[in-house]
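Reading through the structure tokens given below for one structure.
Below, chains carry the letters A, B, ... as their sequence lines are ordered, and counting in each starts from 1.
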Amino acid sequence: MITITGLSASYDAVDVLHAVDITANDGELTVILGANGSGKSTLFKAMSGVLRPTAGQVEFNGEDITRSSPAGIVKKGLAHCPEGRHLFPQMSVEKNLMLGAYVRRGDKKRVKALLERSYELFPILHEKRKQAAGSLSGGQQQMVAIGRSLMSDPTMLILDEPSMGLAPLITQQVFDTIVEINKEGIGVLLAEQNANSALQIATSGYVLAEGRVVLSGTAKELQNDPRVQRAYLGV
Amino acid sequence: MTLFVQQLANGLALGGIYCLAAIGLTLVFGVLGFPNLAHGALYMLGAYLTFFFLTDVGLPYVVAILAAAVVLAFLGVVLERLVFHPLRNSPHTHHMIATVGVMFFLVAVVQEIWGTGFLRMESPVNGQVSVAGAQVSWQRIIIIVTAVVVLLLLTWFLKRSPHGQAIEAIEQDRTGAALVGINPSMVSMVTFAVSLALVAIAAGLVAPINLLSPGMGDSLSLTVFAIIILGGLGSLPGAIIGGFTIAIAEVMAATYISVGAGEAAIFIILIAVLAIKPTGIFGTVTQR
């Protein structure tokens with residue numbers, strides 16, 4: 001479980017995130033909605049230790065991880081699949097996946113099982129395991145990115161706009177996979193602009209605007225909220 | 001024909017030296033994103049350390065080179081911690097200025113200990129072998145064999161070991177590497193250690209052929225920068241191919257045209273390649 005309290009963050013003294021409070025429960029799918037520049041990615045970066053928050057606290061399973069290193073946070077079971085994927089483009093698909101298990105490299109058996117699970121989840125990646133990750137299509141690259149995050153055997157997975165730049169059909173496939181991952185018991189924190197699809201699979205959600213939480217509730221509540229409908233669902 | 005084979009052997013030996021020195025430079029560039037202008041000075045220090053271990057301590061030749069490599073690898077870790085790590089959030093020009101500082105510092109230290117004059121290292125292995133009618137010295141054969149063995153070990157290290165994979169990951173995507181839990185400071189230290197060990201081996205191999213002087217790194221530095229630009233900045237295969245191409249061109253031009261043409265050949269090739277492919281042979285366009 002993740003509990004974020006009063007989290008603020010900035011880039012070069014420009015404040016992006018203002019005292020955000022968010023809770024994501026184990027095994028649930030929590031969605032963060034918001035337009036471009038509303039602070040979704042900044043929030044995620046501050047959670048995974050890539051960006052130092054200026055104020056506030058991030059608690060993961062009751063433990064304060066606000067000042068932990070990215071490596072320490074991955075080891076504790078919180079994986080971050082970033083916006084724009086950030087794969088290792090010249091390496092093969094399999095090497096990308098194996099590097100996802102970098103913090104678990106001491107346990108060969110577990111890594112092997114994790115690799116098999118990734119291939120079960122994305123059979124196409126098994127077919128293309130020897131190809132350079134950068135040569136795959138956008139949807140397949142997104143699968144590599146998700147698979148790589150799962151290789152660290154997380155209990156909670158942060159997914160930053162996995163549908164970005166993908167065709168609608170591929171987006172649907174990616175969403176189906178997210179549901180499948182969630183069903184395995186892995187908590188998912190999903191940032192999306194694609195509010196409609198995201199709310200359909202989510203348990204609960206938050207709406208970010210200009211770095212502040214402006215709305216929150218269960219997925220049902222958000223779907224029926226007139227403000228969400230007007231702003232995101234095109235009703 | 002005999003002359004050609006002779007010069008080809010010389011070119012290959014020189015190419016081995018260039019490769020080892022160039023790979024160290026291109027690794028640091030790939031991981032840390034700045035050119036280490038002290039690379040030539042570190043090469044010079046590697047040669048002096050080999051001389052010290054061979055002549056003053058009395059170690060066997062190969063052991064002396066390895067000892068110099070270990071000392072330089074350790075120095076690499078110290079430099080990373082002391083000089084470059086504190087600069088990690090500053091612009092890359094600051095790193096470059098710092099490398100110039102390191103260069104002057106090392107030259108001054110060597111001048112203080114060993115003096116400003118030339119030193120000659122006794123050739124530890126003498127004799128020659130006949131290859132296709134040409135006489136090739138054992139020293140050059142040792143250089144070629146060592147270079148190949150070290151290149152193979154390095155490839156294994158980068159492709160198979162976790163630390164090597166971490167280096168490649170950081171070169172290809174810094175954010176992605178951080179998110180899978182790779183510690184950038186650790187990788188910077190390992191990279192500096194490997195880079196400096198390689199340049200020490202190059203220097204140790206060449207020490208019996210060339211005279212040692214505090215300025216011996218300057219011309220190597222220039223050539224090695226030409227090689228990594230030719231091969232593509234940050235590219236390992238680029239550094240290997242560039243190293244051998246430049247070395248053979250240099251030796252052949254010096255033999256068949258004139259001694260002066262040797263050095264000119266390096267830069268003629270560099271200009272020609274860059275005119276056709278501005279990123280170098282294996283270079284990719286990156287924004288830093």
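Here NE2 of His86(A) is found 14.0 Å from CD of Gln172(B). Values are rounded to the nearest 0.5 Å. Atoms CD and OG1, on Glu83(A) and Thr175(B) in that order, are 11.0 Å from each other to the nearest 0.5 Å. Between the CG atom of Asp173(B) and the CD atom of Gln90(A) there is a distance of 10.5 Å, given to the nearest 0.5 Å.
Within a 6.0 Å radius of NE2 in His94(B), other residues, nucleotides and ligands contribute more than 12 heavy atoms. Counting heavy-atom neighbours within 6.0 Å of Phe105(B) CZ, excluding the residue itself, gives a total of 12 or less. Within 6.0 Å of atom OH in Tyr11(A), more than 12 heavy atoms from other residues, nucleotides or ligands are found, so the atom counts as buried in its surroundings. More than 12 heavy atoms of other shown residues, nucleotides or ligands fall within 6.0 angstrom of atom CD in Gln57(A). Atom NZ of Lys112(A) has 12 or fewer neighbouring heavy atoms from other residues, nucleotides or ligands inside a 6.0 Å radius.
Using a 4.5 Å cut-off between heavy atoms, Leu87(A) contacts chain B through its backbone alone, with no side-chain atom that close. Using a 4.5 Å cut-off between heavy atoms, Val50(A) contacts chain B through its side chain alone, with no backbone atom that close.
In terms of heavy-atom pairs under 4.5 Å with chain B, the best-connected choice from Pro89(A), Ala101(A), Ala79(A) is Pro89(A). The candidate with the highest count of non-hydrogen atom pairs below 4.5 Å against chain B, out of Arg105(A), Met98(A), Arg148(A), Lys45(A), is Arg148(A).
Residues of residues 177-185 of chain B lying under 4.5 angstrom from chain A, judged on non-hydrogen atoms, are Ala177(B), Ala178(B), Leu179(B), Val180(B), Gly181(B), Ile182(B) in numerical order.
In terms of heavy atoms, Tyr102(A) sits closest to Ala166(B) at OH-CB, 3.8 Å. Heavy atoms only, all atoms of each residue included: Lys159(B) and Lys95(A) are closest at O-NZ, 3.5 Å.
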